[in-house]
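The next block holds one structure in the form of structure tokens; read it before the comments.
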Amino acid sequence: QVQLVESGGGSVQGGGSLRLSCAASGDAFSGYCIGWFRQRPGAEREKVAITFTGGSSTDYADSVKGRFTISQDNAKNTIYLDMSDVTPEDTAIYYCAAHRSRAWMCQTLDASEISYWGQGTQVTVSS
């Protein structure tokens, strides 16, 4: 069993930066795809950034490439999403997600396949 707890959401002005954190407990830091999805109002849940525990196979949505960075601290069983140059289109509930898999499969995972979810954290970007 895996537990994921997000923190760091909030309100930020357009062009600003924000860091989200996800603390994982249980069996979440060995052999998992782990990352971030978001759900914007009226939209499906979509992948933002994902990586494999151990640091290989990182993948980003086209809409965030060059602006968002996913990283992990294995000693703390924590992953981060550093968001920069945010826009109102980044307003969403951000969810930490984990799924036991192989590294090469991480970039093809979609929301319907994810086994474990955090509770979500709201990010609101004002113009």
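Since the model is a prediction, treat every value here as computed from it, not as a measurement. FYI, side chains are in, hydrogens and waters are out, and symmetry mates aren't considered; it's all heavy atoms of this structure.
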Could you pull out the closest heavy-atom pair between [X] and [Y], with the gap in Å?
X: G31; Y: R100; result: O-CG, 3.5 Å
X: L4; Y: A98; result: CD1-N, 3.8 Å
X: T91; Y: P41; result: O-CD, 4.0 Å
X: Y60; Y: F68; result: CE2-O, 3.3 Å
X: A92; Y: Q122; result: O-NE2, 3.4 Å

Rounded distance [0.5 Å steps], [atom1] in [X] versus [atom2] in [Y]:
X: E89; Y: S127; atom1: CD; atom2: OG; value: 9.0 Å
X: E6; Y: L81; atom1: CD; atom2: CG; value: 11.0 Å
X: K47; Y: S63; atom1: NZ; atom2: OG; value: 12.0 Å
X: L109; Y: I114; atom1: CG; atom2: CD1; value: 5.0 Å

> Hey, is the main chain of F52 close enough, under 3.5 Å, to the side chain of Q72 for a donor-acceptor pair?
Replying inline: yes
> Is the side chain of S101 donor-acceptor paired with the backbone N or O of H99 at a distance under 3.5 Å, no angle test?
Replying inline: no
Quick one: are [X] and [Y] in side-chain contact, heavy atoms under 4.5 Å?
X: V123; Y: D90; value: no
X: W36; Y: I79; value: yes
X: Y95; Y: R45; value: yes
X: R40; Y: E46; value: yes

> Can you list the residues that meet the side chain to side chain donor-acceptor pair (under 3.5 Å) rule with D110, with sequence neighbours excluded?
Replying inline: S112
>> Please enumerate all residues that pass side chain to side chain donor-acceptor pair (under 3.5 Å) together with E113, with sequence neighbours excluded.
In response: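 In terms of side chain to side chain donor-acceptor pair (under 3.5 Å), with neighbours along the sequence ignored, E113 is linked to no residue.
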Please list, one pair per line, the donor and acceptor atoms closer than 3.5 Å that link side chains of residues 10-22 to other protein atoms, with sequence neighbours excluded.
{"unit_1": "R19", "atom_1": "NE", "unit_2": "D82", "atom_2": "OD1", "d": "2.8"}
{"unit_1": "R19", "atom_1": "NH2", "unit_2": "D82", "atom_2": "OD2", "d": "3.2"}

>> Which residues pass the ring-ring contact (aromatic ring centres under 6.0 Å, His included) test with F37, not counting sequence neighbours?
In response: W117
>> Are I93 and V64 connected into the same hydrophobic cluster when the rule is that any two of I, L, V, M, F, W, Y join if their side-chain heavy atoms are below 4.5 Å apart?
In response: no
>> What verdict does the side-chain contact (heavy atoms from CB on, under 4.5 Å) test give for M83 and V48, after you've listed the backbone C-alpha separation in whole Å, the side-chain angles of each residue and the deciding distance to 0.1 Å?
In response: CA-CA 11 Å; M83 308 165 62; V48 174; over 6 Å; no
> With sequence neighbours excluded, what pairs up with Q107 under the side chain to side chain contact (heavy atoms under 4.5 Å, CB included) test?
Replying inline: D59
> Can you list the other members of the hydrophobic cluster that holds V5, where links are side-chain heavy atoms under 4.5 angstrom apart?
Replying inline: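 Members other than V5 - counting any ILVMFWY side chain reachable under 4.5 Å - there are none.
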